[in-house]
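Input: one structure, supplied below.
Note on naming: letters A, B, ... go to the chains in the order of the sequence lines (proteins, then strands), and numbering restarts at 1 for each one. These figures come from a predicted structure and were not determined experimentally.
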2 protein chains.
Amino acid sequence: MGDVAKTTAPEQACPIAPVVDIVFSRWTTPILWTLNEFGRQRFGELERRITTITPKVLTQRLRQLERDGLVVRTYHAEVPPRVEYEISELGRSLAPLFAALANWSVNLDKVDQARRDYDDSGRPRP
Amino acid sequence: MGDVAKTTAPEQACPIAPVVDIVFSRWTTPILWTLNEFGRQRFGELERRITTITPKVLTQRLRQLERDGLVVRTYHAEVPPRVEYEISELGRSLAPLFAALANWSVNLDKVDQARRDYDDSGRPRP
DNA sequence: CGGTATCCTGCAGGATACTG
DNA sequence: CAGTATCCTGCAGGATACCG
């Protein structure tokens, strides 16, 4: 014991921050969601479904997710080449999390209302 | 029916994206977590607990969270001024979500392992 | 088809200084 | 104490072009 001191990560006394970094970094949510919803699919399909992402960024994020073990990449050495991505077992273990997120969506209109209240109550105030 | 076409938000066919934007935008997690853990507290306390955040950014995020109805700000017109922040009812409704996140932390070492495997297996490969 | 390689840009967020 | 006000910078991510 001793060397895995965890270094008490600077910005976070917050134990969930590491998970957030992995799961909710930019673009990862739509990618994982899409893979989870539509199953194994090719690069181009993902590109078409996540309409505003560029191939460069899609590649970057997929690599990151693959490295983190959340996504599995399968390369088929054919002509033309075919690559398929699917969510891994570990990735699938996020499902309850995503479900919880989806459930919380019922509160979105409360957020909207709060924003309206805040905005036309002239805040920020002293 | 009809007018709430949802506009099929460009980047997301993904229904959880809006929640992610609200709850997991930069710094909001440690702030909400801290407020949830240590209860109502003053600006300075938050600043000290979230060690690497600057006052400017802390203010920005707190305002955002206040506007979204997740945090309540109370201003006491004393000398010196005293301001307290606490998590709102709506904010507290995120607790199960955070719990789910915390639970998933058990998988962090799997992620670590996956990274090690990926890295010293010489990937990315064709 | 499934990516790289380059170049470029906006803007989140840091540093620093000041105030009601 | 609890913020603003300024200024400045890095780098995530867009646009575009090309390749095995």
For nucleotides 8-14 of chain C, print each protein N/O atom paired with a nucleotide N/O atom at under 3.5 Å, atom names and distance only.
from	atom 1	to	atom 2	distance (Å)
C/dG13	OP2	B/R61	NH1	2.5
C/dG13	N7	B/K56	NZ	3.4
C/dG14	O6	B/K56	NZ	2.3

*Name all residues meeting the side chain to side chain contact (heavy atoms under 4.5 Å, CB included) criterion together with B/R40; count only those two or more places apart in sequence or in a different chain, and write none if there are none.*
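Counting only residues at least two positions away or on another chain, B/R40 forms a side chain to side chain contact (heavy atoms under 4.5 Å, CB included) with B/E84, B/E86.
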Partner set under side chain to side chain donor-acceptor pair (under 3.5 Å) for B/Q41, not counting sequence neighbours:
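Partners of B/Q41 by the side chain to side chain donor-acceptor pair (under 3.5 Å) criterion, ordered by chain and then number, come out as B/R49.
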* Taking only residues two or more places apart in sequence or in another chain, which ones pass side chain to side chain contact (heavy atoms under 4.5 Å, CB included) with B/Q60? ->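 By the side chain to side chain contact (heavy atoms under 4.5 Å, CB included) rule, B/Q60 matches B/K56, B/V57.
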Test side chain to side chain contact (heavy atoms under 4.5 Å, CB included) applied to B/T59 - qualifying residues, sequence neighbours left out: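 B/F43, B/R63.
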How would you list all residue pairs meeting side-chain hydrogen bond (donor to acceptor under 3.5 Å, both in side chains) that involve residues 88-99 of chain A, not counting sequence neighbours?
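Applying side-chain hydrogen bond (donor to acceptor under 3.5 Å, both in side chains) to every pair that reaches into residues 88-99 of chain A, excluding sequence neighbours, yields A/S93-B/W104.
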### Query
Which nucleotide in the list C/dC1, C/dT4, D/dC1 gets nearest to the side chain of A/R63?
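The answer is C/dT4, which lies nearest to the side chain.
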Contact nearer the 5' end of DNA chain C, comparing B/P55 with A/R42: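 Nearer the 5' end of the strand: A/R42.
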Residue pair A/F98, A/V23: steps toward the side-chain contact (heavy atoms from CB on, under 4.5 Å) verdict: CA-CA 10 Å; A/F98 284 10; A/V23 180; 4.0 Å; yes
Of all residues at least two apart in sequence or in a different chain, which pass the side chain to side chain donor-acceptor pair (under 3.5 Å) check with B/D117?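 Scan of B/D117 (side chain to side chain donor-acceptor pair (under 3.5 Å), adjacent residues dropped) gives B/Q113.
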ring-ring contact (aromatic ring centres under 6.0 Å, His included) partners for A/F24, two or more places apart: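 A/F24 satisfies ring-ring contact (aromatic ring centres under 6.0 Å, His included) with B/F24 once adjacent residues are dropped.
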Point to revise | 5'-most by nearest nucleotide on DNA chain D - B/T59 or B/R48 | key: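 Upstream on the strand: B/R48.
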Phosphate-side-chain proximity, A/Y85 and C/dG3, N/O vs OP1/OP2 below 4.0 Å: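 It does, given that an N or O in the side chain of A/Y85 lies less than 4.0 Å from OP1 or OP2 of C/dG3.
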Quiz prompt | Divergence of helical axes at both termini of the helix from C/dC1-D/dG20 to C/dG20-D/dC1 - five pairs an end, 10° steps | solution =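 Its terminal axes enclose an angle near 60°.
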